[in-house]
*Asks:* 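This structure is in structure tokens; I'll ask about it shortly.
Keep in mind that the numbers below use all heavy atoms, side chains included, and drop hydrogens, waters and symmetry copies. Proteins get letters first, then strands, A, B, ... in listed order; numbering begins at 1 in each.
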Amino acid sequence: MHDIKLIRDNPKVLDNGLERRNLPPQAAEVVKLDAERRAIQTQLQEMLARRNELSKQIGYMKRSGGDATELTEEVAKLKTLVPALEDEELVAAEKIDKLLSTLPNVPADDVPYGKDEKANLELRKVGEPRRMNSAKEHYDIGEKLKLMDFDNAAKMSGARFTILKGQLAQLERALGNFMLDVHTRDFGYTEISPPLMVRPEMMFGTGQFPKFSDDQFSTYAGYASIPTAVAKNWANDGDIRVAPPLWLIPTAEVPLTNIVYDSIVEAESLPYRFVARTPCFRAEAGAAGRDTRGMIRQHQFYKVELVSITTPEQSNAEHDRMTDAAETILKKLEIPFRTVLLCTGDIGFSAKKTYDIEAWLPGQNAYREISSCSNCGDFQARRMKARFRAKGDKNTQFLHTLNGSGVAVGRALIAVLENYQQDDGSVLIPSALKPYMGGLEKITL
RNA sequence: GGAUGGGUGGCCGAGCGGUUUAAGGCACCGGUCUUGAAAACCGGCGUGGGUGAAAGCUCACCGUGAGUUCGAAUCUCACCCCAUCCGCCA
């Protein structure tokens with residue numbers, strides 16, 4: 001959410017940001033709607049002030065036994081005007097709120113301009129891709145080992161689901177455990193086991209709502225009082241008050257960040273660092289036909305997520321620190337990767353600046369995203385009403401929030417399979433994972 | 001699913017139609033005292049908005065939304081949320 005005062009004083013900042021994101025300018029419209037709302041508000045407030053004044057006088061007259069008829073009549077006249085103006089004010093406020101809530105964050109100044117991912121800036125490459133004779137893709141490796149079952153998963157749940165078995169299921173668990181240990185032990189993150197279903201307000205707070213509700217799964221069970229028709233249409237007016245009651249999280253970023261929803265924290269206690277391994281649920285509505293084979297893009301996958309809550313002064317350094325934590329996972333797994341700075345056309349709705357970490361996948365002969373670390377500045381904090389108070393300061397300020405995958409477990413599994421595959425179809429276990437696999441050296445048929 | 005109780009400022013908690021301009025306490029900030037601190041005492045202190053150069057003036061907010069009234073934290077209705085007990089259940 002944007003600071004309306006900032007837009008009012010300096011509309012260029014918003015429009016430049018939108019332009020850099022390849023979106024049309026909106027500041028003029030925002031300023032216009034804001035002016036309209038304030039004009040109505042001022043008019044209404046003058047009327048209410050007069051009403052309050054008269055009511056006070058009436059009370060005084062009645063107590064002292066005077067005649068208040070004349071005053072009562074004047075208030076009655078005012079009363080016919082107030083409701084209409086109140087309605088106007090509500091409509092005007094909703095108009096501007098609706099527009100503001102759909103505008104993305106302004107990219108940081110050091111984010112390069114670009115139309116799409118082709119303009120992303122490669123910052124560094126770590127590790128040399130291993131030479132292989134004929135690299136297989138992860139699904140071939142998994143199916144050959146008979147430990148990855150797409151057919152039965154489709155029977156149960158449809159496309160974009162996978163059944164992992166035996167040592168592959170164990171590998172998935174091992175990866176998550178390993179990542180949690182690194183982040184808690186080496187980087188000071190506090191492990192959290194959060195709810196996987198959240199209220200719509202939380203989804204608004206982190207920026208999924210109202211714009212990206214199509215990508216989310218909602219739940220109704222136990223809440224039959226919500227009419228389905230209303231629930232289905234709620235997104236049309238974007239009013240979260242009539243949204244379905246609980247939503248499956250698309251990432252642990254949602255519950256971890258919303259820990260500070262509607263709160264005021266002490267500056268000295270910052271930064272907060274939270275880590276969680278959770279399932280993530282995504283409708284993948286806009287991704288029809290993309291990555292249909294294998295488990296690259298699923299409706300459900302595990303991810304280890306990092307979230308930091310900081311003061312404005314801390315957030316840039318924290319962003320680098322978080323990215324380092326995510327990179328450390330791949331370094332320890334000895335999986336080649338590169339880190340790119342996303343261009344303005346590729347960063348997410350809530351982000352000011354984002355680093356993507358892409359793991360090398362020999363089977364695809366390409367780098368594929370395995371982590372995304374974003375600094376959201378105060379954008380989410382405004383939506384969440386998440387503030388802090390500096391010691392001795394009367395006023396509150398909005399927090400800064402950051403989130404990053406540390407890393408996506410499902411894709412890490414793919415990366416391990418493809419990078420550690422052997423010509424005979426077996427897969428070596430990365431040495432960092434051996435303790436988590438009971439000392440197992442490799443997975444064979 | 002059934003029953004009951006409850007949602008008031010950063011926190012606790014009173015208020016149940018008009019000196020409430022939301023009591024009181026805690027926390028916090030400033031001051032007095034003190035070698036320093038604590039205690040005590042004095043003072044300040046909710047959030048968001050409008051207007052203004054500023055001081056200030058002003059509006060809204062007591063879970064949310066309607067309603068009654070000249071006037072609502074207070075009365076009425078609906079809804080949401082929380083807690084406890086029972087039922088069911090991992």
*Asks:* So, do A/Trp247 and A/Phe281 have ring centers that fall under 6.0 Å from each other?
*Replies:* no

*Asks:* Side chain of A/Arg199 only, please: which of B/C81, B/G49, B/G48 is the nearest?
*Replies:* B/C81

*Asks:* Could you measure between the two C1' atoms, the one in B/U47 and the one in B/G63, and give it in whole Å?
*Replies:* 16 Å

*Asks:* Whole-Å distance between B/C70 C1' and A/Met47 CE?
*Replies:* 16 Å

*Asks:* Taking only the C1' atom of each, what is the distance from B/C33 to B/G49 in whole angstrom?
*Replies:* 43 Å

*Asks:* Tell me the interatomic distance from A/Ile96, atom CD1, to B/G48, atom P, rounded to whole angstroms.
*Replies:* 18 Å

*Asks:* Pick out the pairs of N or O atoms, protein on one side and nucleotides 71-74 of chain B on the other, that lie under 3.5 Å.
*Replies:*
residue, atom, partner, partner atom, Å
B/G71, O4', A/Ser55, OG, 3.2

*Asks:* Would you indicate what A/Arg8 reaches in the nucleic acid, counting non-hydrogen atoms under 4.0 angstrom: base, sugar-phosphate, or nothing?
*Replies:* sugar-phosphate

*Asks:* Hey, is the main chain of A/Ala415 close enough, under 3.5 Å, to the side chain of A/Asn419 for a donor-acceptor pair?
*Replies:* yes

*Asks:* Between B/G13 and B/U84, how far apart are the two P atoms, rounded to whole Å?
*Replies:* 16 Å

*Asks:* Counting only Watson-Crick or G-U wobble pairs whose two distances fall under 3.5 Å, which nucleotide matches B/A54?
*Replies:* none

*Asks:* Just checking, A/Arg383 and A/Phe204: is the charged tip under 6.0 Å from the six-membered ring centre and within 45° of the axis?
*Replies:* yes

*Asks:* Students often mix this up, so state it plainly: with edges at 30° and 60°, are the rings of A/His299 and A/Phe161 parallel, tilted or perpendicular?
*Replies:* tilted

*Asks:* Whole angstroms only, please: what is the CG-C1' distance between A/Asp262 and B/G63?
*Replies:* 12 Å

*Asks:* For B/G46 and B/C28, measure between their C1' atoms and round to the nearest Å.
*Replies:* 13 Å

*Asks:* Take atom P in B/C82 and the same atom in B/U32, then report the distance between them in whole Å.
*Replies:* 49 Å

*Asks:* Could you tell me how far apart A/Glu89 (CD) and B/C61 (P) are, to the nearest whole angstrom?
*Replies:* 11 Å

*Asks:* Taking only the side-chain heavy atoms of A/Thr42 (C-beta and beyond), determine which of B/U47, B/U51, B/C59 contains the nearest atom.
*Replies:* B/U51

*Asks:* B/A73 and B/G9: how far apart are their P atoms, nearest whole angstrom?
*Replies:* 15 Å

*Asks:* If the threshold is 4.0 Å, N to carboxylate O, is there a salt bridge linking A/Lys434 and A/Glu441?
*Replies:* yes

*Asks:* Of A/Arg38 and A/Ile264, whose closest RNA chain B nucleotide lies nearer the 5' terminus?
*Replies:* A/Ile264

*Asks:* Between B/A60 atom P and A/Glu46 atom CD, what is the distance in whole Å?
*Replies:* 13 Å

*Asks:* Roughly how many Å is it from CZ in A/Arg387 to P in B/G10, rounded to a whole number?
*Replies:* 7 Å

*Asks:* Check whether A/Asn375 reaches the backbone of A/Ala351 with its side chain - one donor and one acceptor, N or O, closer than 3.5 Å.
*Replies:* no

*Asks:* Please check if the side chain of A/Ser213 supplies one atom and the backbone of A/Phe209 the other of a donor-acceptor pair under 3.5 Å.
*Replies:* no

*Asks:* As a test of reading the structure: which of B/U47, B/A60, B/G50 is closest to the side chain of A/Gln41, going by heavy atoms?
*Replies:* B/G50

*Asks:* Whole angstrom is fine here: how far is it from NZ in A/Lys5 over to P in B/G49?
*Replies:* 4 Å

*Asks:* Would you mind checking if A/Lys155 and A/Asp151 are paired as a salt bridge, meaning a charged N to carboxylate O distance below 4.0 Å?
*Replies:* no

*Asks:* Given atom CZ of A/Arg382 and atom P of B/G48, what is their separation to the nearest angstrom?
*Replies:* 11 Å

*Asks:* I'd like to know if the side chain of A/Asp378 reaches the main chain of A/Ala381, judged simply by a donor and an acceptor atom lying under 3.5 Å from each other, with no hydrogens or angles considered.
*Replies:* no

*Asks:* Counting Watson-Crick and G-U wobble pairs only, both distances under 3.5 Å, name the nucleotide matched with B/C61, or none.
*Replies:* B/G46

*Asks:* Quote, to the nearest angstrom, the P distance that separates B/C81 from B/G65.
*Replies:* 16 Å

*Asks:* Name the pairing partner of B/G36, where a pair is Watson-Crick or G-U wobble with both distances under 3.5 Å, or state none.
*Replies:* none

*Asks:* Rounding to an integer number of angstrom, what distance separates B/G44 and B/U58 when you compare their C1' atoms?
*Replies:* 22 Å

